[in-house]
Chemist: 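Dumping the structure here so I can ask a few things about it.
The figures here come from the full heavy-atom set of this structure, side chains too, leaving out hydrogens, waters and symmetry mates. Residue numbers start at 1 and run along the sequence shown. All values reported here derive from a predicted model rather than from experimental measurement.
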Amino acid sequence: MDPNTGEILVMASKKIVNGEIVDNVRSILTSPITPGSVVKGASILVGYNTGAIHIGEVLVDECVKVAGVAEKCSSHTLGAINDITALAKSSNVYQFKTAIRVNGQEYFRGMKMNFNQEAFDKYRNMYHSFGLGVKTGIDLPVESAGYGAKKDKAAGNLLDFVMGQYETYTPLQLSQYISTIANNGNRMQTHLLKEVHESTDTNELGKVIYTYQPNVLNTIDTDPIYMARVKEGFYAVVHNYDGYGRGYVEDKLNAAGKTGTSQSFIDTDGNGVIDTETITSSFIGYAPADNPKISIVVTSPNSSHPNSNIDYASLVTLRITKEVMNKYYDFYGVY
């Protein structure tokens, strides 16, 4: 997508059905996925906006235990980290402890989380303002708004919410979300139509009779300093030596972005019963980081299986991201 106008530049999707690779582009608009950690840019903005955390604040990444909820951890125990490292190394715990503060409490091991609908609403409203959980306005007749909770019931679900394991969003919504970050906070209406020309009797294009005008749906309600801090964290994801997005995009493209890994589940035998846990991986990003011209979303639903004797981790998201970004660079050179 062009993050400055909302114009979709390329849209593609494939899947394997009975051993055959078939087109699946409709899924970009209609098949929500569990996004995982890619939502943490929006999550951390809630922390800044509410005063739950401040820029540069250090929290200890350790396994978190609240009453009635299984212990929750990051993928690795990271120790004392600040907000930039929390994004670069995708700390779940940094988000957990921030969310508990947004909930009106301070974390201690074994604590009971109070149910606070206002805390859910603060996160959901921020997500919606980025296009997550609402329609993008694309100029096509069918679009899913994703799957959201009809009613929040358990305080512990707030911890799932802030790490992208509570509600689901389409790849198109993720595209609008990362584009909004890239352009510093304007949620642009997503569109395919660019202009309409008069018909001619030749192969030449006729006179332009309609040009789409970019449409700002809303602007993110946050201090520009906080948005800049999120972008600094997304830059660290791709460029820090230990950032989890290192290797997704070559340094010459000067990109920023965020990785995401989420638990997902499928029905493997078609009997209507979900029977197999899988892993869905995603990458969202934009380039160049200092003056974005393009944004990208790559997601690979159900591409890994954690329930075998040897865990299988697919690198398909990394490979697709790198190839697409390199191809764009081949066509257009330096941005």
Side-chain angles (χ1 to χ4, degrees), residues 32-53 57-81 83 85-87 89-127 132-133 146-169 244 258-266 274-282 304-307 311:
I33 63 166
T34 308
S37 296
V38 294
V39 305
K40 289 176 180 174
S43 295
I44 207 164
L45 273 178
V46 176
Y48 295 143
N49 278 4
T50 60
I53 56 169
E57 181 160 0
V58 173
L59 298 175
V60 177
D61 183 297
E62 60 190 339
C63 288
V64 162
K65 181 69 178 75
V66 299
V69 178
E71 189 174 67
K72 292 178 175 290
C73 311
S74 299
S75 59
H76 302 84
T77 300
L78 302 173
I81 56 172
D83 49 341
T85 303
L87 290 174
K89 302 184 77 170
S90 206
S91 169
N92 293 333
V93 174
Y94 199 96
Q95 302 297 338
F96 296 158
K97 290 186 174 181
T98 299
I100 290 169
R101 289 181 177 178
V102 173
N103 200 54
Q105 300 173 271
E106 189 70 26
Y107 172 72
F108 62 88
R109 189 167 182 83
M111 68 177 289
K112 180 182 184 301
M113 278 189 69
N114 301 324
F115 179 80
N116 181 355
Q117 185 61 52
E118 186 178 353
F120 280 92
D121 293 343
K122 286 176 180 177
Y123 279 99
R124 188 171 283 111
N125 290 340
M126 178 61 77
Y127 285 23
L132 300 174
Y147 298 135
K150 293 182 179 179
K151 186 176 181 181
D152 302 308
K153 297 179 180 179
N157 287 342
L158 185 65
L159 305 185
D160 295 327
F161 201 169
V162 301
M163 67 170 183
Q165 284 282 169
Y166 187 55
E167 298 187 336
T168 64
Y169 314 117
Y244 282 10
K258 185 74 187 75
T259 57
T261 303
S262 61
Q263 290 177 300
S264 43
F265 301 88
I266 57 173
I274 301 299
D275 54 32
T276 302
E277 179 183 351
T278 62
I279 297 294
T280 292
S281 67
S282 302
S304 303
H305 298 274
N307 53 348
D311 286 358

Chemist: Which heavy atom in Ile81 sits nearest to a heavy atom in Thr85, and how many Å separate them?
Modeler: CG2-CG2, 3.7 Å
Chemist: Would you please name every residue forming a salt bridge (Lys or Arg N to Asp or Glu O under 4.0 Å) with Asp61, sequence neighbours left out?
Modeler: none
Chemist: Is any side-chain heavy atom of Asp83 closer than 4.5 Å to a side-chain heavy atom of Tyr48?
Modeler: yes
Chemist: Look up atom CD1 in Ile100 and atom CG in Leu159, then write down how far apart they are to the nearest 0.5 Å.
Modeler: 5.5 Å
Chemist: Tell me yes or no: between the side chains of Thr168 and Thr34, is some donor less than 3.5 Å from an acceptor?
Modeler: no
Chemist: Of all the heavy-atom pairs spanning Ser43 and Val162, show the shortest one and how long it is.
Modeler: OG-O, 2.9 Å
Chemist: Filter on salt bridge (charged side-chain N to carboxylate O under 4.0 Å, His left out), then keep only pairs touching residues 97-110, sequence neighbours left out; what's left?
Modeler: Glu57-Arg101, Glu62-Lys97, Glu71-Arg109, Arg101-Glu106
Chemist: Just to verify, what does Phe161 make a ring-ring contact (aromatic ring centres under 6.0 Å, His included) with, not counting sequence neighbours?
Modeler: Tyr127, Tyr166
Chemist: If every non-hydrogen atom of Arg124 is compared with every non-hydrogen atom of Ala149, which pair is closest and at what distance?
Modeler: NH2-CB, 4.0 Å
Chemist: So how far is it from Ser262 OG to Ile279 CD1, rounded to the nearest 0.5 Å?
Modeler: 7.0 Å
Chemist: Kindly give the heavy-atom pair with the smallest separation between Tyr107 and Lys65, and that separation in Å.
Modeler: OH-N, 3.0 Å
Chemist: Report yes or no: does Asn103 contribute a side-chain atom to a donor-acceptor pair with the main-chain N or O of Ala99 at less than 3.5 Å?
Modeler: no
Chemist: Only counting residues at least two apart or in another chain, list the ones meeting side chain to side chain contact (heavy atoms under 4.5 Å, CB included) with Glu118.
Modeler: Asn116, Lys122
Chemist: Hey, could you give me the CG/OG distance between Leu87 and Ser37, rounded to the nearest 0.5 Å?
Modeler: 10.0 Å
Chemist: How long is the gap from CG on Asp160 to CZ on Phe96, to the nearest 0.5 Å?
Modeler: 7.0 Å
Chemist: Ser282 pairs by side chain to side chain contact (heavy atoms under 4.5 Å, CB included) with which of Val39, Thr259, Ile33, Thr261?
Modeler: Ile33
Chemist: Could you check whether any side-chain heavy atom of Val46 comes within less than 4.5 Å of a side-chain heavy atom of Val102, counting everything from C-beta outward?
Modeler: yes
Chemist: On a heavy-atom basis, which atom in Tyr169 and which in Pro35 lie closest, and how many Å separate them?
Modeler: CD1-CG, 3.6 Å
Chemist: Would you compute the distance between atom CE of Met113 and atom CD of Gln105 and round it to the nearest 0.5 angstrom?
Modeler: 6.0 Å
Chemist: Which heavy atom of Ile44 sits nearest a heavy atom of Tyr94, and at what distance?
Modeler: CD1-CE2, 4.2 Å
Chemist: Supply the atom-to-atom distance Lys153 NZ to Gln117 CD, rounded to the nearest 0.5 angstrom.
Modeler: 12.0 Å
Chemist: Run the salt bridge (Lys or Arg N to Asp or Glu O under 4.0 Å) test against Lys40 and tell me which residues pass, sequence neighbours left out.
Modeler: none
Chemist: Under a plain distance cut-off of 3.5 Å, with no hydrogens placed, do Lys89 and Ser74 share a side-chain donor-acceptor pair?
Modeler: no
Chemist: Excluding sequence neighbours, so at least two apart, what forms ring-ring contact (aromatic ring centres under 6.0 Å, His included) with Phe115?
Modeler: Phe120
